[in-house]
J.: 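First, the structure itself, so that you have it in front of you.
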There are 2 protein chains.
Amino acid sequence: MEKDARDIFKEIGLRVTPQRLEIFKILASMHGHPAAEDVFERIRRRFPSISFDTVYRTLSLFENHGLIKKVHHLADKTRYDTNLKRHHHFVCIRCKKIIDIEWDEIDGIPMPKGVENLGRVEDRYVELRGICKDCLNEEEE
Amino acid sequence: MEKDARDIFKEIGLRVTPQRLEIFKILASMHGHPAAEDVFERIRRRFPSISFDTVYRTLSLFENHGLIKKVHHLADKTRYDTNLKRHHHFVCIRCKKIIDIEWDEIDGIPMPKGVENLGRVEDRYVELRGICKDCLNEEEE
DNA sequence: TCCTAAATAGGAATATATCTTATTTAAAAA
DNA sequence: TTTTTAAATAAGATATATTCCTATTTAGGA
Ligand SMILES: [Mn+2]
Ligand SMILES: [Mn+2]
Ligand SMILES: [Zn+2]
Ligand SMILES: [Zn+2]
């Protein structure tokens with residue numbers, strides 16, 4: 001935030017547009033974890049005719065350049081699990097394959113301090129993300 | 001297998017329908033983590049006129065009775081994060097609020113054995129899920 | 001200032017999932 | 001067994017988030 005958004009864009013090689021500057025400013029000023037819609041509602045005040053597409057495009061652009069991150073699931077649709085034993089998953093970021101893994105060590109880790117002030121924890125969800133063997137092989141071509 | 005399913009349904013107090021029996025059988029026979037569409041494609045062979053709605057309803061039903069689990073995101077839309085420091089999240093399963101947490105202990109845990117055979121891990125994603133303070137308070141009414 | 005590739009607005013399209021309603025059916029009652 | 005009725009289903013409409021398409025505008029370089 002020390003640096004001007006304009007400079008950041010130029011460094012990365014992005015065109016400086018009013019929409020981008022405003023979205024950047026909004027993101028910096030918003031607390032929490034806004035959804036695209038939240039950003040859209042905010043920027044509409046200054047750019048009443050901005051389109052949803054521009055907001056989505058810009059957020060993707062920022063994400064691709066590491067200016068923001070997504071808090072999200074990898075798969076685009078719900079996947080069901082018939083394995084009811086406690087386990088975790090390796091998820092391929094390319095083909096979305098989900099593979100069961102056991103990782104007892106992580107289940108034993110005590111809760112982080114202070115979490116009881118946030119609410120009642122009922123579950124912990126752990127995902128290892130990467131590129132699966134199949135996709136790595138395909139890559140070698 | 002079919003005998004089993006019939007008994008399970010009765011135990012839980014569910015009506016035994018051909019669609020449910022078949023979906024149950026399909027789930028038991030499918031490996032991996034099928035999406036609703038995968039189940040739909042499979043059951044269509046025997047019930048060509050089955051509707052997507054029935055598949056979704058049945059999967060929800062099974063999930064509500066603990067016969068299967070969802071591998072899924074909690075929020076219905078993507079949320080963005082401007083906090084680029086390594087951190088994790090507490091997510092409220094009720095209001096979908098996302099709160100940053102630090103949990104260094106979990107970052108230090110070594111990868112589970114054998115994961116290198118699955119692919120190249122690039123990231124680990126950890127979420128604590130539960131009911132946030134606000135929702136707990138509201139509950140007291 | 002002019003030029004051109006990139007960005008945008010607006011709306012259409014897509015995809016996943018849920019809802020509505022008329023019809024059928026499971027299973028309890030007679 | 002037959003009857004009864006609430007529950008389940010099929011079919012299609014609807015909702016919602018996101019992406020795509022295309023004509024127009026614009027940023028930034030020549
Ligand atoms: Mn699994
Ligand atoms: Mn965060
Ligand atoms: Zn893969
Ligand atoms: Zn909450």
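Every chain is numbered from 1 and lettered A, B, ... according to where its sequence line falls, protein lines coming before strand lines.
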J.: Taking DNA chain D as the partner, which of residues 30-60 of chain A come within under 4.0 angstrom of it by heavy atom?
T.: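 Result for residues 30-60 of chain A: A:Asp53, A:Tyr56, sorted by number.
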J.: Rounded to the Å, how far apart are B:Asp76 CG and C:dA15 C1'?
T.: 15 Å
J.: Produce the list of close N/O pairs, under 3.5 Å, pairing protein atoms with atoms of nucleotides 22-24 of chain C; give distances to one decimal.
T.:
none

J.: Can you tell me how far C1' of D:dA8 sits from CD of B:Glu22, to the nearest Å?
T.: 17 Å
J.: Measure the distance from NE2 on A:His72 to C1' on D:dA17 and round it to the nearest whole Å.
T.: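 Distance check: A:His72 NE2 to D:dA17 C1' gives 14 Å.
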J.: Check the distance between C:dA27's P and B:Ile12's CD1 and give it to me in whole angstrom.
T.: 13 Å
J.: Does A:Arg79 reach the main-chain N or O of A:Lys96 with its side chain, forming a donor-acceptor pair under 3.5 Å?
T.: yes
J.: Over how many whole Å does the gap from A:Leu21 atom CG to C:dT8 atom C1' extend?
T.: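 It works out to 15 Å between those atoms.
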J.: For A:Glu37, what residues pass the side chain to side chain donor-acceptor pair (under 3.5 Å) criterion, not counting sequence neighbours?
T.: B:Lys77
J.: I need the NE2-P distance between A:His73 and D:dA17, as an integer number of Å.
T.: 12 Å
J.: Identify each atom pair where a protein N or O and an N or O of nucleotides 28-30 of chain D are less than 3.5 Å apart, giving names and distance.
T.:
{"residue": "D:dG28", "atom": "OP1", "partner": "A:Val16", "partner atom": "N", "Å": "2.6"}

J.: Say whether, by atom type as modelled, one donor and one acceptor occur between the side chain of B:His65 and the main chain of B:Glu63 under 3.5 angstrom.
T.: no
J.: If we only count heavy atoms from C-beta on, is the A:Arg20 to A:Phe9 side-chain gap below 4.5 Å?
T.: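 Contact flag for A:Arg20/A:Phe9 side chains = yes.
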J.: Can you confirm whether B:Tyr80 sits close enough to A:His33 that some side-chain heavy atom of one is under 4.5 Å from a side-chain heavy atom of the other?
T.: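 No, too far: nothing below the 4.5 Å cut-off.
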J.: For A:Arg45, give me all partners under side chain to side chain donor-acceptor pair (under 3.5 Å), at least two apart in sequence or on another chain.
T.: none
J.: What pairs with B:Glu127 under side chain to side chain donor-acceptor pair (under 3.5 Å), at least two apart in sequence or on another chain?
T.: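 Listed in chain order: B:Tyr125, B:Arg129.
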J.: Taking atom C1' of C:dT16 as reference, at what distance in whole Å does atom NZ of A:Lys96 sit?
T.: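 It works out to 15 Å between those atoms.
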J.: Is any side-chain heavy atom of A:Arg120 closer than 4.5 Å to a side-chain heavy atom of B:Leu136?
T.: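 Yes - at least one pair of side-chain heavy atoms lies under 4.5 Å apart.
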J.: Quick one: is A:Gln19 getting a side-chain N or O under 4.0 Å of the C:dA9 phosphate, OP1 or OP2?
T.: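 Answer is yes, contact under 4.0 Å.
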J.: If you define the side chain from C-beta out and look only at heavy atoms, does anything of A:Leu27 sit under 4.5 Å from A:Pro34?
T.: yes
J.: Quick check: do A:Val115 and B:Leu128 have side-chain heavy atoms less than 4.5 Å from each other?
T.: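 A side-chain contact exists here, since the closest heavy-atom pair is under 4.5 Å.
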J.: Expressed in angstrom and rounded to an integer, what is the separation of A:Phe9 atom CZ from C:dA7 atom C1'?
T.: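 The distance from CZ of A:Phe9 to C1' of C:dA7 comes to 13 Å, rounded to the nearest Å.
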J.: Using heavy-atom distances to pick each residue's nearest nucleotide on DNA chain D, tell me which of B:Lys77 and B:Arg20 is more 5'.
T.: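 Per heavy-atom nearest nucleotide, the more 5' residue is B:Arg20.
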J.: Closer than 3.5 angstrom, by distance alone: can the side chain of B:Arg124 be matched with the main-chain N or O of B:Ile106 as a donor-acceptor pair?
T.: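 Yes; at least one donor-acceptor contact below 3.5 Å.
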